[in-house]
Each structure stands twice: as structure tokens, then as C-alpha cells.
Enquirer: 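There's a structure below that I have some questions on.
As the structure is a computational prediction, the values presented were derived from the model and not from experiment.
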Amino acid sequence: MTARRHHFMIDRPVRVRFAPSPTGYLHIGSARSALFNWLFARGHGGRFILRIEDTDRKRYVDDSMHDILAGLRWLGLQWDEGPEVGGEYGPYFQSERLPIYTQWADWLIDNGHAYRCYCSAERLASLREEQVARKEQSGYDRHCRYLTAEQRAEREAAGDPFVVRFAIDPIDGQTTFHDAVRGEITVEHSLLQDTVLLKSDGWPTYHLAAVVDDHLMEISHIMRSDEWLPSAPLGVLLYAAFGWEPPVWAHLPVILNPNGKGKMSKRHAVAPDGSSVPVHLRDYIADGYLPEAMFNFLSNIGWSIDGSREVFTPEDAIAAFSIDSINPSPAAFPYDKLVWLDGMYIRQLDDDDLYHRLIPFVAQGVGLSETEMAARPELRPAVPLIKERIKTLTEAAPMLSFFFVDGPITYPEPAALIGDKMTAAQSLAALAATSDALSVLAEWGHDSIETCLRELAVTLGLKVRQLLAIVRVAVTAAAVSPPLFETLAILGRERTLLRLASAGEALLPLS
RNA sequence: GCCCCCAUCGUCUAGAGGACUAGGACACAGGCCUUUCAAGCCUGCGACAGGGGUUCGAAUCCCCUUGGGGGCACCA
């Protein structure tokens, strides 16, 4: 990393924006961009603005708006201005700002910074084809930029459709601008296009809409994804053409696939082992990640609070965040670390809190309604038993499902009921002895069950682990379970004895 | 193909010319603890992409090479 101490503060109120387009669910990388903007705003007494860039009617996805708002709120990134909260600089939907864009497009034309282009899609396509065939740089040849007044009048009279293009000026110059995370960046104008600002349907493209809105909304710092870096000079030139004070630009590093190959795509991300990892925030929510863990995790991609802390609060992040401490290099999505972090946060939760968060996940996992689950007595006392055994909320259900079986339990592998270094007959006898001992236990509780079983192991001449392994499988139908004594205490004597009996029956044919 | 950006353990990162025998975390391996599985604790493995400069001194500044990423739409 190169040494950076780039100027990133300017003498005006901090106003930053997150400007997603409702063309799909909230992407995990977009969420990170939103988070950085929010962190910066909160750390500088600024405003965090949410603007919806819905100028592409073809790509509009119906419920994506709701998904984006819900995702931001889930993460705790409440916006100060925008949809559902309003603000002084609205409207915050670009689809409601059309007259503003046409007005400024006209202004550019009137001042010689833009022109109407009547070229057909066919002409553009064949132009491109020729350029590719001749291995030339592809791009618009500025045909309409040099139309005479008569030619222009002719087209207008004919009512030909047109787009408005920006007139890059000078066409052989260069533009240098300052990026707050990378420093000086220079681009030759010969590489820039006379980009379309207004489409033939009258709607603006991103370049026009974003610049106009950023200025009108008095955005002070533009922190956005790396993908915009090559077109940033266009924004700079646009600000200059309008004569507006430019904001501070900061381009955030892209997030790569977990295997480090290519950016995390819109549809799926691939892990080092070839498996795929979700890319939408909603999938992580559904997978049972905690918002506080996700917040912490996202903060750690492309930025770090210091050299030693991995786990920190939003308050600490706000206090420490600065644009020039953003790492410019692309980062592979560290999925394993998310899983670990989520486990950390789960362990830090108090039991009641975790219980409430667990209800919907466990209910769904075992096929009960949330109301039914809330009414069951087993989940709450089981929380401390699984707290340090789960890394996401969804992992609880398979671990606890045996608690929610009221009828007879089945053993997929009856042989698992045979104790270590024991015969089936010996195991059967141990099961019977356990049943006898537990049935006469005066008090049904963790301590008494533990004393009883430990003594029984001695009586039977078995190692404690041998006996407990048999009982564990008998009661939970699994070799791995939460701690056994607590588990029995929660399960209750009746169901425990029932299962001990079922286990005996399952073992009988093997002895 | 052209342009732009980036380059420290497998991965996320600390590093602002001397405090570097390059630090932390995840993952991985081993050990302790232990009723299974976890959690926790301890230990280990493991990197400055390569080559030239500048300097008394370079992970750090410059150049080249290589590698990786992004962008080249009437999408954002």
C-alpha cells in the first residue's frame, strides 16, 4: 500500500449519499458502500442521504425497493433524508425529478457543452462493428457533434428521435482529479466518449442524473464503488461544464469472490472450494446472521479500525473511520470470518435476547409456527446449552429438533446405540439399568441426574463416557448433542424413559 | 484489444524511510480442558510478487516486468 494522507475534508457540511438503483435485491457489496458512507456521515456530524436511482424503467424490479430499505434498516443504517423520511432536498426518487434533468441538459446544450445526436441504433451498431473489425478503439465518432445548423433543423423538422450527448472538451486534452483514497488520477480525453446524458425516451442516464442530483442535494463527498473510477473524469468534466463546486471523490475497493477470482457478481459468489456463497443481504438475514455481526464484518473489508481489533462496536467504528484509512486494494470476501464473527456475537448475547431471536428460526426449522414455538417450554432453557455451539441462528434447529418430538423417536442407525468397546447385549443392559435408576430418582434436575448416572456407571463397571454415549444416542437419536444432563432435565422424565425404552427395542434385534 | 486501478501469510489486514527477528485475526495443525460436539486457553505453520534504482538505511519512495482487478452501453 502506498502512503496516503490525502486531503479529504472540505469546508462545507458533510452530506453523503447512498444511491442504489432498484434493479435487484440489496447486494452485500452495496451494503458495504452504504455502511462506509453512513460511518463517515455519523463521524462528521453529517447527513446520510438515500436516493433511489430509478431511471432505467426496463430493469426495474418490483420488490427491490422494499428489500433495499429493509436491508439498510436491518443493518442499522438509518438515513436522514430519502424515501419514507423526506427531507429538504427532495424528491429522492430520480423518476420524480425528470424536469430537472431536461432543464440542465438544455442548459448544457445552450452553453455548448452538449448536443443532440440523431444517430440510429443501427448506425451505432455498424460503426462499432467496423471499429472492432479494424481493431480500433470503439466509441461514438461524434458524427452529430459537427452537424450544421441546416442539417440539425432538417432532423428536427423530420421529428427524428435524439439523445443528448456530452461534448468532451477539448477532445485531445486530459483530466486529472483527486481521489481521496488513491490520489491523483489522470485520464486522456481521447479515451472518453461523448457520453449519452439524456436517452431518446427523455430519461437521463446515470452520469447526468447523478451529477445534477449530487450538486442540487449538496453532496460533499462521493464514496462509491471502484467500478465508477474510469468514468469519474466524466463527472469531473460535467461539474466543470456546469461551473459547480465539485465534491470530494473516493472510490471504494471492489469486493472479490471468496476465492479471489473476479468481483462478487450480482448472482452468485464462489468460494475457494467451488461452492457458492450468497450475494444478497437478504440471504444472510435468512441464514441467521446477526445484524451487529454483519455490520462489524462489513466494516472490516477494505478498512480496519486498527492493527489489532477485529471486534468492535459501531460507536468505535464511527470514531475511527476516515476516508484516507480506506485500503485501495480489492479484497476477497472473507466468508469464513463472517461465520466466526457471527459466532462471537451470538456468544456475547444474553440468553433472553438470543431466545427471542431464535424463536422464528427454530420454529421454521422444526416445522412449528412462531406462536407454537413461543409456547413450548424447551427452547428457553436450551438456549445456554447451544449458545456456544452455533455460529448462526439457523444452526440451532437441527441441534434441538429432538426436543420437539412428542411421539416415539426413531433411530436411523440402531448400531449407534452400542457403547464403545461394548456388545449390543451389554448396551441393552445399560439402557435398562439407566431406565430403572432414573425412574426412581427423587428429584428430576441436572444435579440429581448427573449424580445418578455417574454412580450408575461405576456400578455397571463402565466408563462415564461409555454410559453417557449410549444414553445420548437413546435420547437424542444423535451422537452429538447439547450437554446430556441439562438435556435430560429439559426433556423431562416421561419422555426420557419413553426414549430409553424405544432405544431398547431398537437394539433388541442386534443383541 | 485499449485505458484505469491495485499488489504484505491461503484469506481479511497492521505498516506514513530506522521502533520489523514484519504484528493481529480467520482458516489449518497439535496440545490442554472435557459427558459428545462446541467454546475457551496454549503452541505451531505461514507473507513484503520479481528486477533495477534513490538512500547511511526500503515492506514503505521512483522505474520496469509480472500478476490480479475494474471499465470501455440510449445499465446503473
Side-chain angles (χ1 to χ4, degrees), chain A residues 1-5 19-23 53-56 58-59 117 119 121 124 128 132 135-140 161-165 179 182 185-188 190-193 195-201 203-207 209-210 224-233 251 253-254 256 258-263 272 297 300-311 324 327-341 343 347 385-391 399 450 453-454 457 463-469 471-473 476 478-485:
Chain A
M1 197 198 322
T2 54
R4 284 167 286 111
R5 193 180 275 161
S21 63
T23 53
E53 309 217 325
D54 53 352
T55 55
D56 187 350
K58 292 187 210 79
R59 294 202 307 153
C117 165
C119 292
L124 262 19
R128 186 186 183 80
V132 171
K135 295 191 172 166
E136 284 173 6
Q137 187 195 331
S138 65
Y140 182 57
F162 62 86
V163 300
V164 174
R165 287 183 184 271
D179 180 276
R182 285 154 223 279
I185 291 169
T186 300
V187 172
E188 298 289 333
S190 60
L191 274 350
L192 265 22
Q193 304 293 316
T195 312
V196 173
L197 260 23
L198 219 53
K199 300 179 252 184
S200 56
D201 61 8
W203 288 58
T205 59
Y206 170 83
H207 302 288
R224 54 124 66 167
S225 163
D226 219 351
E227 301 149 6
W228 296 107
L229 195 52
S231 67
H251 289 89
V254 281
L256 272 24
N259 67 1
K261 294 193 177 95
K263 75 168 173 177
F297 170 72
N300 269 327
I301 307 177
W303 181 73
S304 67
I305 196 160
D306 57 43
S308 57
R309 267 187 303 166
E310 303 287 327
V311 186
D324 64 359
N327 185 341
S329 37
F333 188 76
Y335 183 74
D336 287 348
K337 237 170 165 167
L338 169 62
V339 175
W340 165 76
L341 238 201
R347 274 170 256 137
L385 307 190
I386 57 162
K387 194 175 183 174
E388 54 197 32
R389 291 176 167 74
I390 58 174
K391 293 194 173 68
M399 232 169 249
E450 173 164 13
L453 293 183
R454 284 188 188 280
K463 287 188 174 158
V464 173
R465 59 202 317 139
Q466 282 178 300
L467 208 221
L468 295 190
V471 178
R472 184 184 311 282
V473 177
T476 68
V480 173
S481 83
L484 195 57
F485 310 129

Enquirer: Check this one for me: any side-chain N or O of A:Arg465 less than 4.0 Å away from OP1 or OP2 of B:rU34?
Expert: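 False: A:Arg465 side-chain N/O out of range (4.0 Å or more) of B:rU34 OP1/OP2.
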
Enquirer: Answer yes or no: side-chain N or O of A:Arg182 and base N or O of B:rC5 forming a donor-acceptor pair under 3.5 Å.
Expert: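 Flag unset: no donor-acceptor pair detected.
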
Enquirer: Under 4.0 Å between a side-chain N/O of A:Arg347 and OP1 or OP2 of B:rG40, yes or no?
Expert: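 Yes, because at least one side-chain N or O of A:Arg347 sits under 4.0 Å from OP1 or OP2 of B:rG40.
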
Enquirer: So, taking the atom named CZ in A:Phe333 and the one named CD1 in A:Ile301, what distance separates them when rounded to the nearest 0.5 Å?
Expert: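 The distance works out to 5.5 Å.
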
Enquirer: What integer number of Å spans the P atoms of B:rG23 and B:rC28?
Expert: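 So the two P atoms sit 22 Å from each other.
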
Enquirer: Reckon A:Asn327 has a side-chain N or O less than 4.0 Å from the OP1 or OP2 of B:rA14?
Expert: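 Result: yes.
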
Enquirer: For a quick test of reading the model: is some side-chain N or O of A:Lys199 closer than 4.0 Å to OP1 or OP2 of B:rC75?
Expert: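 Checking B:rC75 against A:Lys199, a side-chain N or O does come within under 4.0 Å of OP1 or OP2.
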
Enquirer: Any strand is fair game: report the nucleotide pairing with B:rC72 by Watson-Crick or G-U wobble, both distances under 3.5 Å, or none.
Expert: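 Answer to the pairing question: B:rG1, which forms a Watson-Crick or G-U pair with B:rC72.
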
Enquirer: Using atom OH of A:Tyr206 as one end and atom C1' of B:rC74 as the other, report the distance to the nearest whole Å.
Expert: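 Atom-to-atom, A:Tyr206 to B:rC74, this comes out as 17 Å.
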
Enquirer: With the side chain counted from C-beta on, respond yes when A:Ser225 and A:Val254 share a heavy-atom pair under 4.5 Å apart, and no when they do not.
Expert: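 With C-beta onward as the side chain, the pair touches.
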
Enquirer: From the list B:rG70, B:rU36, B:rC6, which nucleotide is the closest neighbour of the side chain of A:Glu227?
Expert: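 Among the listed nucleotides, the one closest to the side chain of A:Glu227 is B:rG70.
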
Enquirer: Rounded off to whole Å, could you give me the CD1-to-P distance for the A:Ile390 and B:rA38 pair?
Expert: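 Value for this atom pair: 15 Å.
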
Enquirer: Let me know, please, whether A:Asp201 or A:Pro253 comes out on the 5' side of the other along RNA chain B by nearest nucleotide.
Expert: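 Closest to the 5' end, via its nearest nucleotide, is A:Pro253.
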
Enquirer: Roughly how far apart, to the nearest Å, are B:rA25 and B:rG44 at atom P?
Expert: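 About 12 Å, rounded to a whole number of Å.
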
Enquirer: A:Arg389 side chain: which of B:rC37, B:rC12, B:rU35 is closest?
Expert: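 So the nucleotide nearest the side chain must be B:rC37.
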
Enquirer: Closest heavy-atom contact between A:Leu453 and A:Leu467?
Expert: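 Result for this residue pair: O-CD1, 3.5 Å.
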
Enquirer: I want to check one thing: is the phosphate of B:rA14, taken as OP1 and OP2, less than 4.0 Å away from some side-chain N or O of A:Ser304?
Expert: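 A:Ser304 to B:rA14 OP1/OP2: side-chain N or O found under 4.0 Å.
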
Enquirer: When you check the phosphate oxygens OP1 and OP2 of B:rA76, does a side-chain N or O of A:Thr55 lie under 4.0 Å from one of them?
Expert: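 So the side chain of A:Thr55 is within the cut-off, an N or O lying under 4.0 Å from OP1 or OP2 of B:rA76.
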
Enquirer: Taking a pair as Watson-Crick or G-U wobble with both distances under 3.5 Å, which nucleotide is matched to B:rC45?
Expert: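 Checking every strand shown, B:rC45 finds no partner, since no pair has both distances under 3.5 Å.
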
Enquirer: Please enumerate all residues that pass side chain to side chain contact (heavy atoms under 4.5 Å, CB included) together with A:Val339, with sequence neighbours excluded.
Expert: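 Expected list: A:Tyr289, A:Tyr335, A:Lys391.
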
Enquirer: Within the 4.0 Å limit for protein heavy atoms, which parts of nucleotides 20-29 of chain B are touched? Write it as a string from 5' to 3', B for base, S for sugar-phosphate only, - for none.
Expert: ---BBBS---

Enquirer: Ignoring hydrogens and geometry beyond distance, is the side chain of A:Ser329 in donor-acceptor contact with the base of B:rC6 at under 3.5 Å?
Expert: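 A donor-acceptor contact between them is absent.
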
Enquirer: Got a list of protein N/O to nucleotides 30-33 of chain B N/O distances below 3.5 Å?
Expert:
none

Enquirer: Does A:Arg128 make a side-chain N or O approach to OP1 or OP2 of B:rA73 shorter than 4.0 Å?
Expert: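 Yes, A:Arg128 has a side-chain N/O under 4.0 Å of OP1/OP2 on B:rA73.
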
Enquirer: Nearest to the A:Glu53 side chain among B:rA76, B:rU13, B:rU35, which nucleotide is it?
Expert: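 Closest nucleotide to the A:Glu53 side chain: B:rA76.
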
Enquirer: To the side chain of A:Ser481, which of B:rU35, B:rA76, B:rU36 is closest?
Expert: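 Selected nucleotide: B:rU36.
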
Enquirer: Considering only B:rC74, B:rC75, B:rC12, which nucleotide approaches the side chain of A:Arg59 most closely?
Expert: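 Of the options given, the side chain of A:Arg59 lies nearest B:rC75.
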
Enquirer: When you compare B:rU11 with B:rA49, how far apart are their P atoms, in angstrom units rounded to a whole number?
Expert: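 To the nearest whole Å, 12 Å.
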
Enquirer: State the pairing partner of B:rC26; accept Watson-Crick or G-U wobble contacts with both distances under 3.5 Å, and report none otherwise.
Expert: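 With both distances under 3.5 Å, B:rC26 matches B:rG10.
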
Enquirer: If you check every side-chain atom of A:Val254, which of B:rG69, B:rC12, B:rC74 has the closest atom?
Expert: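 Among B:rG69, B:rC12, B:rC74, the one nearest the side chain of A:Val254 is B:rG69.
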
Enquirer: My understanding is that only residues two or more places apart in sequence, or in another chain, count here; which of them pass side chain to side chain contact (heavy atoms under 4.5 Å, CB included) with A:Ser308?
Expert: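 Per chain and number, A:Ser308 pairs via side chain to side chain contact (heavy atoms under 4.5 Å, CB included) with A:Asp306.
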
Enquirer: Go through the structure and list residues passing side chain to side chain contact (heavy atoms under 4.5 Å, CB included) with A:Lys463, not counting sequence neighbours.
Expert: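 So A:Lys463 forms a side chain to side chain contact (heavy atoms under 4.5 Å, CB included) with A:Arg465, A:Gln466.
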
Enquirer: Distances under 3.5 Å between protein N/O atoms and the N/O atoms of nucleotides 1-4 of chain B, please, pair by pair.
Expert:
none

Enquirer: Can you measure A:Phe333 atom CZ to B:rG69 atom P for me and round it to whole angstrom units?
Expert: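 Interatomic distance, CZ of A:Phe333 to P of B:rG69: 18 Å.
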
Enquirer: Let's test this: given Watson-Crick or G-U wobble pairing with both distances under 3.5 Å, identify the partner of B:rG17.
Expert: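 No nucleotide pairs with B:rG17.
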
Enquirer: CG of A:Asn259 versus C1' of B:rC12: gap in Å, rounded?
Expert: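 Taking CG of A:Asn259 and C1' of B:rC12, I get 15 Å after rounding.
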
